[in-house]
K.L.:
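Take a look at this one; I'll ask things after.
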Amino acid sequence: MSSIPSQNASKPLWARYTHASHFRTAAEEFDACKLGFWLFLTTEVLLFGGIFCAYFIFRTLYPGAWKEGSQLLDWRFGGLNTAVLLISSYTMAASIYCFQKGYTRRAQWNLIITLICGAAFLFIKLAYEYIPKWSVGKRPGALFDYPFAADPHLPLWWSVYYSGTAIHAAHVIIGMVLIARVLYRSYKGHYGPTHYTMVEITGLYWHLVDLIWIFLFPLLYLIH
Amino acid sequence: MAHHAPAASDHFDETDPHGHSKHGQHESHVIVGPFILRTILVVLLLFTALTVGIAQLEIAIQNWFGIYLPWWVNVVGAMSIATIKSILVMAYFMQLKYDNPINTVAMLFCFFALGLFLLFTGLDLFTRDKIYDYKAGPVVAGGTGAGVVSAGGKPIVEASKDRFLVKLAEPDVREAMITVNALRHEVHELGKLGTDAARQAAAVISARADYLSDLKTIIVKQIEPGELARSAKHLRDRAAELRAGAASPAADLLEKAAQHVAGVNLAEAAASYSIDATFATLASFAHGDHGQHAHSGEAASTSDRSRPRAGLTDALEVFGPAAAKPQGGH
Amino acid sequence: MSGHSEHHGSYLERKGGMIATIWDWATTVDHKKIGVMYLFAILFMFFLGGMAAIAVRMELWEPVRQAADGSFTGQLFRPADAVSMSEGNNFYNRLFTLHGAIMVFMVIVPSIPASLGNFLLPLMLGAKDVAFPRLNLLSWYIYVFGSIFAVCSIILGGVDTGWTFYTPYSTTTDADHIKVVLMVLGAFILGFSSILTGLNFIVTVHKLRAPGMGWFDMPLFIWAIYSSAIIQVLATPVIGITLLLLVFERVFRIGIFDPALGGDPVLYQHFFWFYSHPVVYVMILPGMGVISDVLAVQSHKRIFGYRAIAFSSLGIAAVSFIVWGHHMFTSMSELASAVFSALTFLVAIPTAVKVFNWIATLYKGSITINTPMLYALIFLFLFSIGGLTGLPLGTLSTDLHLHDSYFVVAHFHYVMMGGTIIALMAGIHHWWPKMFGRMYNETGGMIGAIVVFIGFNITFLTQFLLGTQGMPRRYASYFDEYTSLHQLSTIGSWVLLAGFLIHLFVFLASFASGKKAPPNPWGGLTLEWVATSPPIEHNFEHEPLVKHGPYDFDTVVPPHWDPKDYPIPEAQAGGRPAVAHSPDRNA
C-alpha cells in the first residue's frame with residue numbers, strides 16, 4: 001500500500017487498483033459491493049412503498065378525488081419526463097459498457113448526457129408542473145387554494161402527488177450528484193475495464209430512480 | 001449430523017472459498033452489449049407510448065361512444081405495462097438477468113414485504129365499516145375530509161371557493177373577466193367572416209383574451225393597473241394596421257374589441273353579469289389549463305343572458321381548446 | 001515505525017499521544033473499535049434513559065393532588081412558574097417520552113447488533129473486517145449525528161408525544177415545530193444508521209465467511225444477527241418515509257394523517273408499526289443469539305437443535321412482518337384485528353422453539369455458573385414471563401381490557417429489558433475478556449446480576465398487577481388505591497439502579513486492575529476464541545480454516561485450552577475428545 005512499484009506508475013489509476021485487504025479477490029469485492037447496493041435499493045423501494053401505500057389507500061377510499069386529480073395533470077409532461085428518464089437510463093448503461101470496453105471518452109459523454117437528461121427532468125418538473133400548479137393553488141393539504149375542486153378530498157391527492165414526486169426529485173438530485181462524482185473521477189482515470197465498481201453502483205442507483213418513475217407516471221398521470 | 005468438517009477442505013481454492021466462480025471466472029463482470037441496450041430502450045419507449053395510448057383511448061371511447069369501461073381496465077392495463085417495463089429495466093439495464101441470483105432474491109423479498117404492507121394496511125382501512133352493520137353509518141374510513149381551515153368552519157375545498165369568490169368580487173378582477181368574455185365574443189364574430197384578415201384579427205384578440213383570462217394573471221398576481229389600457233392600445237394599433245391593409249370589417253371588430261378593453265361597454269355588461277356565471281366561466285378556463293377537459297357544460301347551462309355571455313359560450317365551443325394553452329408563453 | 005507491531009499488536013494499542021489516539025479512534029475503520037465506540041455510546045445513552053426512568057418512577061411515588069389553596073402534592077417535577085396541574089403533567093409526558101425515545105431508538109435497537117455484533121461478527125466468521133468498513137464508520141457517525149438531533153430537541157424542552165410519535169399528538173401539540181421535527185428527524189437519521197449496519201452485516205455473512213465455514217457452521221449469534229439485519233433492511237425504510245411524511249404533516253399540514261383533511265391517523269399507526277413491530281425483533285433476536293452462544297459455551301455442551309434455533313431466527317424475522325396490527329387492536333376494523341390476532345400467535349412458535357432448545361441444552365451440560373451464565377438464566381426466566389404475558393395481549397378479547405395499561409408496560413419491559421438488556425449484559429460479560437483483554441471480578445459481576453434480577457422483578461412484576469387492576473399507562477397521577485404498588489415499583493427501580501452501579505464499578509475495576517485475560521477463558525469453540533485477547537488489528541495471524549462446527553464440544557478440544565481456566569466435558573463416547581482443535585491451517 002505504502003509504495004507503488006515504479007513500473008506501475010505509468011499505468012492509469014484503474015489498472016493500479018488493488019482490492020481492499022479483507023476481500024480475497026477483486027471479483028469478490030465487486031460482488032459484495034453489488035449485493036450491498038442491491039440491499040440498499042430494496043430499502044429505497046420500501047421507502048417509496050410508503051408513498052405507494054398512501055396512494056393505494058386513498059385511491060380506494062376516494063376514487064373521485066383521484067380521478068379528478070389525475071385529470072388535472074398533463075400526461076404530455078409526464079410522458080416526456082418518462083422518455084427523458086428512460087433515455088438517461090440507457091446512456092447510463094451504455095456508459096458502463098464503454099468503461100468495460102475501455103472507451104473512456106464515450107463513457108464520459110454518455111455520463112454527461114445522463115446528467116443533462118436528469119437536469120431536463122427536473123426542469124420540466126419544476127417549470128411546467130410544480131410552479132404553474134402551485135401558483136394556481138393546487139397545493140397539498142391545508143395549503144390547498146384551488147377554487148374549482150369538485151371532490152372534497154382533492155387536497156389529499158395533491159399531498160400524495162407532491163410527497164411522491166418531491167421525494168423522487170430528491171433522488172434524481174442525489175443521483176446526479178453521484179454521476180457527477182463518477183464523471184469527475186473518471187477524468188482522473190479511476191475507471192477502466194478491470195475496475196468500474198462505482199460506475200456500476202451509481203448506475204444501479206440511477207436505474208432505480210427510473211424504476212420508481214416508471215410506476216409513478218401511470219399511477220399519477222394515467223390511472224383515473 | 002449438522003456439523004462435520006467440510007469434505008472439500010483438502011482441495012480448497014484459496015481465491016474462491018465458497019465456490020462462487022465454479023462456472024467460470026468473473027461471473028459478475030457481464031458485458032451487456034449496445035445492441036441489447038438499444039433494443040431495450042426502444043421497447044421501453046414503445047411501452048411508454050402504448051400505456052399513454054391505452055389511457056387516451058379509454059378517454060376517447062368515453063367521449064365519443066359514451067362507453068365507460070370498468071375502473072380496473074385502466075388500472076390493470078397501466079400497471080401491467082409498468083411492471084413489464086420495470087422488469088426489463090431490472091433485467092437488462094440493471095443486469096439482474098446475468099447477476100448473482102441473490103440480488104434478485106433480495107429484490108423479490110422487498111416486493112413481498114411491500115405487498116404485505118399494502119395488503120394488511122388495506123385490510124384494516126377498507127373494512128372499517130364491515131362486520132357490524134351499526135357501524136357502517138357512523139364510521140367514515142379515513143375521516144370526513146371536512147377540514148376546517150377557514151373561520152367559517154367549511155371544508156377546505158369550500159373555503160378555497162369562498163376565497164376565490166371574494167377575489168372575484170374585487171372590481172378590477174370583475175372588469176377583467178367581463179372584458180375577456182367580450183373579447184371572446186368578438187373572436188367568434190370574426191370567425192363568421194372567414195377571411196384571412198379576420199382570422200388574423202381573431203388570433204390577435206384571442207391571444208389578448210388568453211392573456212387576460214390567464215388564471216395566474218387574474219387571481220394570483222391580479223391585474224396590474226393599466227393592463228387593460230395597454231391591451232386596448234395594443235388592439236387599436238393592430239386595428240390601424242389592418243385598416244391600412246384595407247381589411248376594414250376585421251379592423252372594425254378589432255376596434256370594437258379595443259373599446260371593450262378600454263371599458264366603454266363595461267357598465268352595461270356588468271349589470272347583467274352575475275358572479276356565479278363568472279365563476280362557472282372561469283372554472284371552464286381553469287380546467288382547460290391541462291389542455292384536455294375544457295368542456296363547456298357549465299357555461300352552456302347559463303348561456304341565456306347577456307350578449308357577452310352568449311358570445312362567450314359560443315367562443316368556448318369554437319375556441320375552447322385553443323384558449324387553453326397552458327400558462328401561455330407571455 | 002515498525003510495520004510489524006502495527007499489524008500484529010492489539011487493536012487497543014495506543015498510537016502515540018492523546019490527540020493521536022483520539023484521532024485514530026475517530027477515523028478508524030476497524031470493526032472492533034467501532035463496536036467498542038458503539039458500546040460506550042449506547043451505555044451512555046442507557047444511562048441517560050435510565051435517569052429519565054428513575055425520574056418517571058419518582059414522579060409516580062404518590063398521586064398528584066391539588067389542595068384547595070392551589071398548592072400541589074405529589075408533583076415532583078414541574079416548571080418553577082407552573083400555575084396549573086396540567087403544566088406539571090405536561091412535564092411528566094416529556095419525561096416518559098424522553099425515556100422511551102432514548103431507550104428504543106438509541107439504546108435497544110442498536111444495542112447488541114451495533115456493539116457486540118460489530119465487534120464479533122467478523123471475528124466469528126474468521127474475517128478481517130466487515131464487508132464495508134468505511135460504511136461502518138459512517139453508520140457510527142450517523143448514529144452520533146441522529147443522537148445529537150434528539151438531544152437538541154430534548155435541550156429545547158423535549159417532546160410530549162410518546163416514543164411512537166402518534167398523530168395527532170405529534171402534529172398538534174407544542175406551538176413551535178422545531179422540537180418535534182428535531183426529534184423525528186433524529187429518529188429518521190438513526191434509521192439510516194440501522195439500515196447501513198444491517199446491510200453491511202448481510203453482505204459480510206454472505207461474502208466473508210472463513211474457508212470451510214458453511215451456513216450451518218456459523219455460530220447461532222451470527223444467525224440471529226443475520227436475521228435481524230434482514231429486518232433492519234426491509235423494515236427501517238418504512239419508518240423513514242413515515243417520519244418524513246410526519247414532518248411534512250407537521251410543517252405543511254399535508255393531511256395524510258389528519259382526518260380533518262381526509263387523511264387517517266390510524267394509517268400513521270400502520271406505517272409506524274410496520275417498522276416498529278419487526279424492529280421489536282431486531283431488538284430481541286440478537287439477544288437470543290447471545291443467549292444461544294453463552295448457554296452452549298458456559299455449559300460446554302453442543303447446543304440442542306442447532307438448525308431449529310437457526311431457522312427459528314429466520315422464522316421470527318418472517319413472521320415479524322405480518323403481526324404489527326396487534327399494537328392497534330383498539331383502533332382497527334374488527335376483521336383486521338381478528339386476522340392480526342390470529343397471526344400474532346404464530347410468533348410464539350419459533351420463540352418457544354428457541355426457549356425449549358436452550359433448556360434442553362442445559363440438560364446434562366457441564367455448567368459453569370458465572371456472570372454471563374447467570375444472566376443467560378435470568379434471560380430465560382424473564383423472557384419467558386415476557387413472552388407468556390404477550391399471549392393475553394395478543395388475544396383480542398383480553399387485549400381490549402389490558403390495552404394501554406401498565407400490563408403492557410410491564411410486558412414490554414420484560415421482553416425489551418428482561419430480554420435485550422439482560423442479554424446485552426450477558427454478552428458484555430461473556431465477551432468482555434475478548435474485547436478488553438482483561439477479566440472482570442466474577443463475584444462482583446454475579447452480585448450485580450442478582451441485584452439487577454431482584455430489582456427488575458420488584459419494579460415490573462408490580463406493574464402487571466397495576467395493569468390488571470386498571471392503571472392506564474402514561475398518567476402522572478392515579479387513584480389512591482394504586483399507591484402502594486406504585487411505591488413498590490419505584491423502590492424496585494432504585495434496586496435496579498444499584499445493580500447497574502455495581503456493574504459499572506466492576507467494569508471500572510476491570511479496566512483499572514483486571515487480571516489479564518487468556519485467549520479463551522470460557523472454552524468456546526467459535527473463531528473469536530482463536531484470536532488473542534484482545535484481538536490483533538487484523539483479527540487473526542492467518543486466515544483461519546474451519547474444520548468443525550461451532551458447538552462440537554464432545555469431539556473437539558477448545559483452542560488455547562488451559563485446564564486451570566475452565567473444565568472441558570468428558571467426551572460422550574468415552575475417553576478424550578477425538579479431534580484436536582487446529583486454529584489455522586498454517587499451524
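Numbers restart at 1 for each chain; the letters A, B, ... are given by sequence-line order, proteins then strands.
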K.L.:
Check each atom of B/Val32 against the heavy atoms of chain A and say whether the ones under 4.5 Å are side chain, backbone, both or neither.
P.N.:
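Just its backbone gets close to chain A.
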K.L.:
Return the option, out of A/Phe23, A/Phe37, A/Trp38, with the maximum number of heavy-atom pairs under 4.5 Å with chain B.
P.N.:
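Greatest number of close heavy-atom pairs with chain B: A/Trp38.
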K.L.:
Can any side-chain N or O of A/Gln100 pair as donor or acceptor with the backbone N or O of B/Val30 at less than 3.5 Å?
P.N.:
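The answer is yes, because a donor-acceptor pair under 3.5 Å joins these two groups.
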K.L.:
Nearest 0.5 Å, what's the CE-CE distance between A/Met92 and B/Met94?
P.N.:
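If I round to the nearest 0.5 Å, the distance is 11.5 Å.
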K.L.:
Hey, would you say the A/Phe56 and B/Phe117 ring centroids sit under 6.0 Å apart?
P.N.:
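A/Phe56 vs B/Phe117: aromatic centres not under 6.0 Å.
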K.L.:
For B/Tyr92, which atoms come within 4.5 Å of any heavy atom of chain A: side chain, backbone, both, or neither?
P.N.:
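Neither; nothing under 4.5 Å.
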K.L.:
Which pair of non-hydrogen atoms, one from B/Leu118 and one from A/Gly49, has the smallest distance, and what is that distance?
P.N.:
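Shortest heavy-atom contact: CD2-O, 4.5 Å.
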K.L.:
Return the option, out of B/Gly77, B/Pro34, B/Ala78, with the maximum number of heavy-atom pairs under 4.5 Å with chain A.
P.N.:
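Looking at each of B/Gly77, B/Pro34, B/Ala78 in turn, B/Pro34 comes out on top.
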K.L.:
Roughly how far, to the nearest 0.5 Å, is OG1 of B/Thr39 from OH of A/Tyr90?
P.N.:
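Separation between the atoms: 9.0 Å.
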K.L.:
Let me know if B/Thr83 has heavy atoms under 4.5 Å from chain A in its side chain, its backbone, both or neither.
P.N.:
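Both parts, backbone and side chain.
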K.L.:
Quick check for you: to the nearest 0.5 Å, what is the distance between B/Thr121 atom OG1 and A/Ile57 atom CD1?
P.N.:
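Reported value, rounded in 0.5 Å steps: 5.5 Å.
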K.L.:
Please classify the contact of A/Ser89 with chain B as side chain, backbone, both or neither, using a heavy-atom distance under 4.5 Å.
P.N.:
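Both backbone and side chain of A/Ser89 come within 4.5 Å of chain B.
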K.L.:
Counting only non-hydrogen atoms closer than 4.5 Å, does A/Leu39 touch chain B with its backbone (N, CA, C, O), its side chain (CB onward), both, or neither?
P.N.:
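Just the side chain, heavy atoms under 4.5 Å.
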K.L.:
Roughly how far apart are A/Leu204 CG and B/Asn103 CG, rounded to 0.5 Å?
P.N.:
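A/Leu204 atom CG to B/Asn103 atom CG measures 8.5 Å (nearest 0.5 Å).
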K.L.:
Select one option (side chain, backbone, both, neither) describing which atoms of B/Leu41 are under 4.5 Å from chain A's heavy atoms.
P.N.:
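Contact with chain A is through the side chain of B/Leu41 alone.
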K.L.:
May I have the step-by-step check of side chain to side chain contact (heavy atoms under 4.5 Å, CB included) for B/Phe126 and A/Leu61, ending in yes or no?
P.N.:
CA-CA 8 Å; B/Phe126 304 148; A/Leu61 289 180; 4.1 Å; yes
K.L.:
Please identify, among A/Lys67, A/Arg59, A/Lys101, the residue contributing the most non-hydrogen atom pairs under 4.5 Å to chain B.
P.N.:
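Top option by heavy-atom pairs under 4.5 Å: A/Arg59.
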K.L.:
What residue, out of A/Leu208, A/Leu46, A/Thr82, has the most heavy-atom pairs lying under 4.5 Å from chain B?
P.N.:
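Max contact count across the listed options: A/Leu46.
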K.L.:
Chain B: which of A/Ala65, A/Cys53, A/Pro218, A/Gly203 shares the most heavy-atom pairs with it under 4.5 Å?
P.N.:
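Of the candidates given, the most pairs with chain B belong to A/Cys53.
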K.L.:
Pick one of side chain, backbone, both or neither for A/Phe48, based on which atoms fall under 4.5 Å of a heavy atom in chain B.
P.N.:
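No part of it gets close to chain B.
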K.L.:
What is the distance from atom CG of A/Leu211 to atom CZ of B/Phe93, rounded to the nearest 0.5 Å?
P.N.:
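Between atom CG of A/Leu211 and atom CZ of B/Phe93 there are 11.5 Å.
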